[in-house]
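Model, not experiment: these values are computed from the prediction.
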Amino acid sequence: MRVLVVDINFEYKNPMYRQFYNHLSYCMEVDYFGPGYVDRKALEKGIKQFLLERECYDFILVGTYFVYSAELQGARYNAYFTHRRVVIPYYRMNDAYQRCRRILDELKDIDSVIRIFNYYEDSVSMPDGDYRICKSFLEDGFYLLSWPIQYMQIFHAKKIRQHPVLNNNAYKLAKEYISKYIPIPIHGISYPEIFARNYKEREYDWCVPGNKDAGLYSGRNKAACIAEKSNCKVWNTDPFQKLSTFHIQKKHMEWYEFNGKIEKAVSRVIGKNTYIPSYPKLIYIAQCRENYMESMRRSKKVYVDGGIGETFVRKYFEACACGALMVAKRIPGLEDLGFKDGVNCKIVEEFHAGILQEYIPDEKCKRLAKAGQQLILDKHMMHHRAVALRQTIEAIQNGTYQGAFWSEGNYNMKQ
């Protein structure tokens, strides 16, 4: 089976985008097209010419950031801001601006091959612009690869008024286009992320990884405050956690690349701005990733939640992959992915001081942690995602695909 991935070649703090594409090679032949994947000459010729010069592909997979590059108006972020959120050592920004729009138009005219739009942004906060883009792809004959509807919940008006960033756009798409919707998350784990260490030898009792913004991640903020006031030994040495995004951008200008000294000086005063060209350095990305993973590798218990949207985040996989006992906030779809309270993790409704005081023998914690890690190895590695996608493409080719769902960590197709 052959696939053509159409996207931009970038790095980001969260490695799941690149890992997902890399692991497709586990069970299929993968080619790439887009800024940073092919040279400027190939981009100028367009994707139709690229396809003519090669043998037929079984399907084309179009990435979110490629579409953001083409949709200068109406996307979640304008194209300039999109490219400044990521690290772009492999392509020229102008190549993305100038050529992605034409390539996207060409893609919409191609109907001789299965086309899939891979939407990998948050499911609980899909902006109206993104909703229109996804819907237009579905109406043009594309399939949509995105988060399982089992991860999602319907937000009522009161919840949305409290947190305007939340909406039901992704849920509506998944509900309406069942037979065109492929619910395979690009969340998954690569083998280098599996960490082996004697449980009793871990130096820290607890850690609460990830952003602790009190507005978006109040649960993590509360858990961290409770843990730090206890007698437990808590990991708190990650500078990326302690500072808000604004303060990181304002106080640590050495972590960012700028076009010139004037842009850097202005940013030092006002903070990083959408209209001042900048992006984080690769060394910053690497340091951020390593600090984040190290917090879980050196801790016995890790508290994880999905923020105000109560949605599944990659931390649910990462905590278990690192060999820690995951104490998880209950969210939609958690059991469907194979996580079971008292079997491979501990599931709570809300973090409170009693959880810290609850006595759980190290041997039991070790068994739960090991079972959690085994669940990841058995069902949630990146190569499992690649296999699931290949099986889905085969079902589409056979005309039998009618949608899919998750049960006990297994991907099941309706046929």
Compare every heavy atom of [Y] with every heavy atom of [X], then report the nearest pair and how far apart it is.
X    : Y    : result
D109 : K48  : CB-NZ, 3.9 Å
P148 : P183 : CG-O, 3.3 Å
L337 : H380 : O-NE2, 2.7 Å
F117 : C134 : CE2-SG, 3.7 Å
A42  : D39  : N-OD1, 2.8 Å
Y303 : G219 : CE2-O, 3.9 Å

Under a 3.5 Å threshold, yes or no: a donor from one side chain and an acceptor from the other, between [X] and [Y]?
X    : Y    : result
R99  : N94  : no
D128 : N169 : yes
D378 : Q374 : yes
E318 : Y292 : yes
K135 : Y177 : yes
D31  : Y57  : yes

For residues [X] and [Y], determine if any side-chain heavy atom of one lies less than 4.5 Å from a side-chain heavy atom of the other.
X    : Y    : value
L144 : N118 : no
M28  : R2   : no
D58  : E394 : no
E121 : M126 : no
R390 : V387 : no
R330 : E310 : no
K300 : W206 : no
M152 : P332 : no

Item to check | Derivation and outcome, side-chain hydrogen bond (donor to acceptor under 3.5 Å, both in side chains), residues D130 and Y68 | outcome: CA-CA 9 Å; D130 286 23; Y68 282 171; 2.5 Å; yes
Checklist entry - Does a sphere of radius 6.0 Å around NZ in K13 hold more than 12 heavy atoms from other residues, nucleotides or ligands, not counting ones at 6.0 Å or beyond? => result yes
Next on the checklist: I'd like to know whether K172 forms a salt bridge (charged side-chain N to carboxylate O under 4.0 Å, His left out) with E176, so could you lay out the CA-CA distance, the side-chain angles of the two residues, the decisive distance to 0.1 Å, and finally the verdict.
Outcome noted: CA-CA 6 Å; K172 288 189 291 186; E176 183 179 355; over 6 Å; no
Next on the checklist: As a test of understanding, state which of F10, Y32, Y91, Y21 forms a ring pair (Phe, Tyr, Trp, His ring centres under 6.0 Å) with Y37.
Outcome noted: Y32
Next on the checklist: Using the rule ring pair (Phe, Tyr, Trp, His ring centres under 6.0 Å), only one of Y316, W147, W406 pairs with H187; which is it?
Outcome noted: W147
Relative to the ring of [Y], is the ring of [X] parallel (under 30°), tilted (30 to 60°) or perpendicular (over 60°)?
X    : Y    : value
Y26  : H383 : tilted
F137 : F142 : perpendicular
Y17  : Y120 : tilted

